[in-house]
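Here is the structure we will look at, set down as structure tokens.
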Amino acid sequence: MILLDGKAVSAKMKERVKNEAVKLKNSGVEPALAVILVGEDKASQTYVASKEKACHACDIKSIMHRLPEQTTQSELLALIDLLNLDDSIDGILVQLPLPKHINTDKILESISPNKDVDGFHAINVGKLSSGLDGFVPCTPLGIMEILKEYDIDVSGKNACVIGRSNIVGKPMANLLLNASATVTVTHSKTKNLKEICKNSDILVAAIGKPFFVTEDMVKDGAIVIDVGINRLDDGRLVGDVDFDSVAPKCSYITPVPGGVGPMTIAMLLSNTIKSAKNRVKKA
Ligand code: GUN
């Protein structure tokens, strides 16, 4: 069994990003990411602070907009409009979840697809689905990067994605399909989930339930990717996979923490560089 070291892959990616950022800066384009946080959600505050720190470490300019909980939808739309028009901004990220009085779909669709470094805009979702170049959501993109780094070819393999979220499950399925895997998307209503999992060469668990994937659901020699980040009552951070019992059966497995998690921010930075390069092409 080989541990897939997302922390190491992420460090390598950040190094690459930093080199590209310096090159862009020297040619007169400073890569810049605008991050919008509405309200006081503690987890979101932590994520946004990590994004800001990673930008600084990689020579990407970060422009933070911390807005009060009572911010109206039209105020938020007006800010996004300004950022869409600002030629010095390459990426716009609105941290989710948004307060309940704001329509998330409406906000995500208002971000210019050319600056949508989260890959959540319908245009980018459609491009991914059609196999066209666009922005791809960071967590599944990071998983593909880990597989690439370990020379794991998914072509022809049976892959099962557990979870159908717009942020992970659906884009993950499309990426694997585009890479010629045979993909099954399963979720909380799937009837023969265990059977499908057991048949899979690649298992991606993104369902948000601690220890959901148990040893009896995993094929011998499977590649298991754990997207879960679950905090237990005793404070422990665990994935969606029962690591101790599953790991001995796998050819490769991601740990939690230190697996998929570190890749998300690295790919956000990478998407911001991609957008900055597009700015150079347009100039
Ligand atoms: N909240 C949790 N994950 C994400 C993410 O990848 N992007 C944004 N914008 N918000 C999130």
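Count residues from 1 along the sequence. Atoms considered below: every heavy atom in the structure, side chains included; atoms not considered: hydrogens, waters and symmetry mates. All ligand and atom numbering here is 1-based and tracks the order in the structure.
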With a heavy-atom distance limit of 4.0 Å, tell me whether Val94 approaches ligand 1 through its side chain, its backbone, both, or neither. backbone

Go through it in stages, so that I can follow the logic: the residues are Ser155 and Asp153, the test is side chain to side chain donor-acceptor pair (under 3.5 Å), and I'd like the CA-CA distance, side-chain angles, deciding distance and then a yes or no. CA-CA 6 Å; Ser155 175; Asp153 184 10; 4.7 Å; no

Does any N or O of ligand 1 fall below 3.5 Å from an N or O anywhere on Thr264, backbone included? no

NZ-CG distance between Lys18 and Leu269, expressed to the nearest 0.5 angstrom: 11.5 Å

Salt-bridge criterion met for Arg279 and Asp87 (N-O under 4.0 Å): no

Looking at Met263, is its backbone amide N or carbonyl O close enough to the side chain of Ser10 to form a donor-acceptor pair, meaning the two atoms are under 3.5 Å apart? no

Reference residue Asn124; test side chain to side chain donor-acceptor pair (under 3.5 Å); the match among Asp133, Asn114, Asp118, Asp116: Asp116

Would you say Asp118 has any N or O atom under 3.5 Å from an N or O of ligand 1, going by distance alone? yes

Please determine if Leu96 has a nitrogen or oxygen closer than 3.5 Å to a nitrogen or oxygen of ligand 1. yes

Residue portion contacting ligand 1 (non-hydrogen atoms closer than 4.0 Å) for Tyr47: neither

Does any N or O atom in Ile167 lie less than 3.5 angstrom from one in ligand 1, N or O only? no

Distance filter under 4.0 Å to Leu93 heavy atoms, resulting ligand 1 atoms: 9 (N)

Give a yes or no on whether a salt bridge exists between Glu145 and Lys148, defined as a side-chain N under 4.0 angstrom from a carboxylate O. yes

Just to confirm my output: which protein heavy-atom neighbour is closest to atom 11 (C) of ligand 1, and how far is it? Gln95 NE2, 3.4 Å

